[in-house]
Amino acid sequence: VQLQASGGGLVQTGGSLRLSCAVPGRTFSDYGMGWFRQAPGNEREFVASVNWKGETNYALSVKERFIVFRDNARNTAYLQMNDLRPGDTAVYYCSVALSGWAEDQDFTYNYWGQGTKVTVSS
């Protein structure tokens with residue numbers, strides 16, 4: 001499974017970005033989808049996820065600001081990021097869980113995209 005993440009860029013504090021993750025294939029609706037991020041010098045951390053039923057999960061640091069959702073007709077998962085802060089600066093990765101569930105632990109995911117960089121200026 002090859003993932004293609006896009007939508008990163010440079011934005012000012014308080015701005016918004018929408019990340020997309022396209023997953024080719026016929027069984028996208030069966031997958032769990034996760035978003036993780038890694039800032040320079042830090043470990044990769046969980047951001048948000050949506051399981052095959054559409055149920056979502058968020059890290060506390062992004063709850064109320066980020067929205068994760070999926071469009072099964074387009075085989076795409078999205079991460080809508082609002083009220084961005086400099087602390088959100090990182091490379092963002094999307095991931096696929098073949099199990100269909102969407103946990104907050106990276107070892108539960110089977111495939112990873114190449115990452116898209118998000119920079120939030122103060």
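Sequence positions, counted from 1, serve as the residue numbers for this chain.
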Exercise for the section: I would like to know whether V47 and Y92 meet side chain to side chain contact (heavy atoms under 4.5 Å, CB included); could you show each step before the answer? Expected result: CA-CA 9 Å; V47 177; Y92 284 70; 4.2 Å; yes

Practice task
Flag the pair V23 / V96 as yes when at least one side-chain heavy-atom distance between them is below 4.5 Å, and no otherwise.
Solution key: yes

Exercise for the section: Validate the cation-pi geometry between R70 and F28: distance from NZ or CZ to the six-membered ring centre under 6.0 Å, angle to the ring axis within 45°. Expected result: yes

Problem - Donor-acceptor contact below 3.5 Å, side chain S29 vs main chain T27 - result: no

Exercise for the section: Mind listing the closest non-hydrogen atom pair of W52 and D30 along with its distance? Expected result: CB-O, 3.7 Å

Handout entry: D88/V118 under side chain to side chain contact (heavy atoms under 4.5 Å, CB included): CA gap, chis, key distance, verdict
Key = CA-CA 8 Å; D88 296 316; V118 172; 5.5 Å; no

Handout entry: Residue from Y111, Y31, Y109, F46 passing side chain to side chain contact (heavy atoms under 4.5 Å, CB included) with S95
Key = Y109

Problem - Trace of the side chain to side chain contact (heavy atoms under 4.5 Å, CB included) decision for S49 with E103 - result: CA-CA 7 Å; S49 62; E103 309 294 340; over 6 Å; no

Handout entry: N57 and E55 side chains, donor-acceptor separation under 3.5 Å
Key = no

Practice task
Check whether the ring centres of W112 and F36 lie less than 6.0 Å apart, and answer yes or no.
Solution key: yes

Practice task
With rounding to the nearest 0.5 Å, note down the distance linking CE in M81 to CG in L17.
Solution key: 4.5 Å

Exercise for the section: Measure across T116 and G8 and return the closest heavy-atom pair with its distance rounded to 0.1 Å. Expected result: OG1-N, 3.1 Å

Handout entry: Atom CD of E45: over 12 foreign heavy atoms under 6.0 Å
Key = yes

Handout entry: Over all atoms of both residues, closest heavy-atom pair of Y78 and D71
Key = CE1-CB, 3.9 Å

Problem - Chi angles and distances behind the side chain to side chain contact (heavy atoms under 4.5 Å, CB included) call for L19, F66 - result: CA-CA 11 Å; L19 305 184; F66 291 10; over 6 Å; no

Handout entry: Heavy-atom closest contact (A39 atom, A90 atom, distance)
Key = N-CB, 3.8 Å

Fill in the blank from the handout: When every non-hydrogen atom of S16 is compared with those of D83, the smallest separation belongs to OG-N, 4.3 Å

